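The structure under discussion appears below in the form of structure tokens.
Every chain is numbered from 1, with letters handed out A, B, ... down the list of sequences. Computed from a predicted structure; not experimentally measured.
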Amino acid sequence: MPTNAPHSLTALRDYLRLDTDFAVLADALPWRSDPHLAACLAAFPGLRLPKQPFGETLLCFLCSATKQIVQIKQMVALLAQNHGAVINCGAGSPNPAKAAFGNASLHALPTWTELAQIPEDELRRCLLGFRARYIKQTALFLAECPGWLEETEALPYPDAKARLMKLPGVGEKVADCVLLFGAAKLEAFPVDTWILKALARRYDLTDWSPAQLTRFGRVHFGEAAGFAQQYLFAYERASALGAI
DNA sequence: CTCCAGGTCTGGT
DNA sequence: ACCAGACATGGA
């Protein structure tokens with residue numbers, strides 16, 4: 001562990017925003033008393049938690065409900081391709097993405113303002129299914145409330161979470177993902193199917209209810225629970241794929 | 001064909 | 001407060 005690892009939660013957040021080596025955050029986790037977490041940390045020594053744009057994170061996780069990760073990627077790619085502004089990478093512009101994608105035009109994700117203009121049935125063409133309605137309604141709400149997203153991101157975790165959960169399609173899990181990945185709120189502990197499996201299987205809690213497992217995770221992993229969540233998630237998926 | 005996927009909402013007890 | 005179905009769609 002580097003000796004300059006930050007020790008307060010505020011310092012950890014600042015550290016996160018620099019997109020440096022986040023492995024030092026492990027120091028804030030109870031891995032010394034937790035053999036499984038220790039194994040996860042050892043299995044993914046380079047794991048990072050980059051802070052991503054708040055609004056884009058919200059869009060991506062509004063797509064995520066009961067979908068496989070490969071499919072979520074495809075939905076997001078279609079949203080960009082069909083409705084996002086073209087990113088200029090003409091001749092002379094040293095855009096590394098152009099080398100990677102050849103002459104295919106690159107698109108940004110559509111902004112919430114742009115999404116508010118798109119008919120729901122057109123959004124549905126991006127394989128969104130029933131999620132199209134959530135995205136459309138959220139876009140219409142955000143269009144009526146300029147600054148709402150920025151204000152939400154600036155709030156403390158519990159207030160930000162409560163506000164996000166007022167959006168259609170945003171429940172506890174999606175709100176936690178948006179705050180963990182899009183706002184670097186390390187207290188956020190998103191509980192998805194993988195985390196439920198990990199808590200039940202790796203902590204010998206097979207007869208616990210999902211609500212009890214959730215509470216266990218939030219209490220056990222503490223102030224940097226979201227960082228622990230990433231390790232549990234990565235480990236459980238790799239394990240399912242036979243990579244571990 | 002059936003089951004599940006980085007869930008949420010709604011309408012029942 | 002807790003529980004079952006519905007919700008779209010594709011991959012395993």
Q | salt bridge (charged side-chain N to carboxylate O under 4.0 Å, His left out) between A:Arg32 and A:Asp27, worked out | A | CA-CA 9 Å; A:Arg32 294 172 190 80; A:Asp27 216 26; 3.1 Å; yes
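The stretch residues 198-216 of chain A has no heavy atom under 4.0 Å from DNA chain B, so no residue of it qualifies as close.
Nearest-nucleotide positions on DNA chain C for A:Gln74 and A:Arg133 put A:Arg133 closer to the 5' end.
Between A:Phe221 and A:Phe189, the angle of the ring planes stays under 30°, which puts this pair in the parallel group of the 30/60° scheme.
Remark: side-chain polar atoms of A:Lys136 are paired, donor with acceptor, to backbone N or O of A:Ile118 under 3.5 angstrom.
Annotation for A:Glu151 and A:Pro146: closest pair OE2-O, 4.5 Å, computed over non-hydrogen atoms. For the residue pair A:Pro45 and A:Ala42, the shortest heavy atom distance occurs at CD-O, 3.6 Å. Annotation for A:Ala28 and A:Ala224: closest pair CB-CB, 4.1 Å, computed over non-hydrogen atoms.
Of the C1' atoms belonging to C:dA6 and B:dC4, the separation is 16 Å, rounded to the nearest Å. One C1' atom belongs to C:dC7, the other to B:dA5, and the distance between them is 14 Å to the nearest Å. Here the separation of C:dG11 from B:dC1, taken at their C1' atoms, is 14 Å to the nearest Å. Across C:dG10 and B:dC9, the matching P atoms stand 24 Å from one another, rounded to whole Å.
Taking the centre and axis of the six-membered ring of A:Trp148, the NZ or CZ atom of A:Arg163 falls inside the cone set by 45° and 6.0 Å.
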For residues 168-182 of chain A, which side-chain donor-acceptor pairs fall under 3.5 Å, sequence neighbours excluded?
| unit_1 | atom_1 | unit_2 | atom_2 | d |
| --- | --- | --- | --- | --- |
| A:Glu172 | OE2 | A:Lys161 | NZ | 3.1 |
| A:Glu172 | OE2 | A:Arg218 | NH1 | 3.0 |
| A:Asp176 | OD1 | A:Tyr157 | OH | 2.6 |
| A:Asp176 | OD1 | A:Lys161 | NZ | 3.4 |
| A:Asp176 | OD2 | A:Lys161 | NZ | 3.1 |
| A:Asp176 | OD2 | A:Arg218 | NH2 | 2.6 |

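In 5' to 3' order, the nucleotides of DNA chain C bounding all contacts with chain A (an atom under 4.0 Å from a heavy atom) are C:dC7 to C:dG11.
Ring centroid separation for the pair A:Trp31 and A:Tyr231 does not come in under the 6.0 Å cut-off.
For A:Lys67, there are no salt bridge (charged side-chain N to carboxylate O under 4.0 Å, His left out) partners, not counting sequence neighbours. For A:Glu114, there are no salt bridge (charged side-chain N to carboxylate O under 4.0 Å, His left out) partners at least two apart in sequence or on another chain.
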Q: Going 5' to 3' through nucleotides 4-9 of chain B, assign each nucleotide B (protein heavy atom under 4.0 Å from a base atom), S (under 4.0 Å only from sugar-phosphate atoms) or - (no protein heavy atom that close).
A: -BBBBS
